[in-house]
Amino acid sequence: MTTTPIVLAHGTTTHLTDVATTAGAVVTVGACAVYVMAANRLRDEPRGWSLWRTASFVAGTVLLVVALVPSTSDDLTDHMAGHLLLGMYAPLFLALSAPMTLFLRSVRPSTGRRAMRLVRSGPARVLTHPVILLSATVGGLVVLYFTPLFTLSETQPTVHALVHLHFFVSGYLFSWMIAGADPAPDRPSVPARLVILGVAILGHAVVAQLIHAGLFVSIEAPAAQLRAAGNLMYYWGDIAEILLALAMLQTWRVRQMAGRQRNTRPGNTRPGNTRPATGRDEVSRPPIERRRRPGTPTVRRAVRSAAGTR
Amino acid sequence: MTDIATVRTTSTSLALPGIVLGVGLGGFVDGIVLHQILQWHHMLTSTGQDRLGLASYPATTVHGLEMNTLWDGFFHTFTWLAVLLGLALLYRRLSRPDAAARPSGVLSSRALWGWVLCGWGLFNLVEGIIDHHILGIHHVRSGERQTLWDIGFLVLGALLVIGGWLLQRSATPRPAADASGARGPRS
C-alpha cells in the first residue's frame, strides 16, 4: 500500500488526534493478538480452526492499521482511500474470519449463551435489519458528502473519529449480513441479499459520480481532486463489491447450517463420520461447519447417489 | 462411467450461470482497466467517425464527457446486472436437488471458472464486433493503429473462450475423489 490515508489528521495534527489514532491502532492490534491466540488454541482440537480465517483476520487488521495511520496530506484522494479501506476492504476480511464463531467456541457455554441472547435480542435485530444497514452505509455517505458534516469533521477531531467509527461499524455489519462467515439470526435469502447488494452498489456508484462531477457536494476541494476522489471511490468500490459478491459464494450455505447448530458442539465427533475431522485436513479446507458433516440435504443426496453407483 | 457422466452434467449445469457471471466480470475488466485507469476509451469516444452518423462526443469537452459518463454509466449498470444475475442463476442451479457440486465449494470449481472465462471471452467478442467494428462508436485505443488494437481485443476474446472451454472440460473427478464419496466429484 503506497498511499497513506489520513484518518484523524486532515490538516493540523493535534494532541487529541494522536491519542485517538494510537488508541485505535492499539485496540486493533490487541484484537488481532487475541484472535490469533484463540485460533491457535482451537487448532489443537479435533475440529481445528481454518488458517484461512486467521489469515483473513490478520489481513483485515493490517488494512485497518494502514487506514488509521495519520497523514499530513490534505489530498482528498488520500482521504477517500482511507475510507475505502475502513468501510469496505477491512470489514470484508474481518467478516470472513468468523470472529463471533471463534468467540463462541472459545468461551464457556454459559457465556456463549448470554452473548447469543444479546445478538438475538430485539434491539440487535432492529439494528442489523437489512434496511437499517443499507441506510446506514449508503445514507452515511450521502450525509457525509452532501451536508456540512464533512467540513465539520475536518475541524472537529471527535466528529471525525465518530465518522470513521460509523464507516467501519456499518461496513462490517453490512459485509457480515451479505457474506459473513458468522451465523446471523435473520440473514435474508440469497436472492434478497443480491437485491440488497445491488441497491448498495447503485447508491455507492451514484455518490461517486456526483463527487466526480462536483454536483451537490459540500466539500472544499479543487475540481481535479474531486474528480480523482470520485474516480477512486467508483472503481475501488466496484472491486470491493465484486469481492463481497464472490465471498457470498463461499459462505452462502451457512444459514441452513445455523438451524443444525445443536449437532455441531465440539466433542460431538462421531467415529463413523465419512470425513475425518483431523486438524491437518482442516488447513486446506474452508469453514468446518460445512465440511465436518456431509451437511446439507443436497450433499447427503449426492453422497447417497455416489454410493449407489458403485 | 456414471461418475464421469455426473460430472459432465454438473459442468454443463454451471454453463449458463458461469457465462453470465463471466460476461459481467469481463465487462468490469474493460470498464475498470480501459475506461477508468488507462482511460483509453469511453463508450462514445469515436463518435463523429462512427457508422451510425452520431454527433461527435469527444472526452475533451464538457458536454462530450457528460455524454460519455452517462453511457459509461449504462455500461456499468449492465455489467453489475450481469454479475448479480449470474450469481442468482448459480444459486438456483446449486439449490437444485440433483446438484452434485457442494455449494460452498463452488468457488474453487474448475467448471465454474472455465465457464466464467468463456463468458469473459464472449464479452470481448460480442462487444468488440458490435461496438468497435459494426457501430464504430469507440475503439480500444483510438489512433492510427486502432484496427490492430481492436483485432487484438478479439484475439484475446477467442483465446479466453478456448482456454475457458478447456478448463471446464478438465473438471473431471480425480482418483482421490472416488475414494471418498462424501466429498463428491471435483466439479
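Because only heavy atoms are used, hydrogens play no part in the values below, and waters and symmetry mates are left out as well, while side chains stay in. To find a chain, count down the sequence lines: A is the first, B the second, and so on, and within it residues start at 1. Note that the coordinates shown come from a computational prediction; the quantities given were computed from them, not determined experimentally.
Residue B:Ile32 holds its CD1 atom at 4.5 Å from CD1 of A:Ile239, rounded to the nearest 0.5 Å. With rounding to the nearest 0.5 Å, the separation of CG in B:Leu85 from CG in A:Leu194 is 9.5 Å. With values rounded to the nearest 0.5 angstrom, A:Leu246 atom CG is found 6.5 Å from B:Leu21 atom CG.
Of the two parts of B:Leu25, only the side chain, counted from C-beta on, holds a non-hydrogen atom closer than 4.5 Å to a non-hydrogen atom of chain A. Heavy atoms closer than 4.5 Å to chain B are found in the side chain of A:Gln209, but not in its backbone. Only the side chain of A:Ile201 comes within contact range of chain B, with at least one heavy atom under 4.5 Å from a heavy atom of that chain.
Here the shortest heavy-atom pairing between B:Gly73 and A:Tyr234 reads CA-OH, 4.4 Å. For the pair A:Ala245 and B:Leu87, the tightest heavy-atom approach, listed with the atom from each and the gap, is CB-CD1, 3.6 Å.
Crowding of A:Tyr145 atom OH: a count of heavy atoms from other residues, nucleotides or ligands under 6.0 Å exceeding 12. Within 6.0 Å of CH2 in B:Trp40 there are more than 12 heavy atoms belonging to other residues, nucleotides or ligands.
Contacts with chain B were tallied for A:Leu197, A:Asn231, A:Val206, A:Val195; A:Asn231 has the most, counting heavy-atom pairs under 4.5 Å.
Using a 4.5 Å heavy-atom cutoff, the side chains of B:Trp80 and A:Ile242 are in contact. Residues B:His76 and A:Asp238 meet the side-chain proximity criterion, which asks for heavy atoms closer than 4.5 Å.
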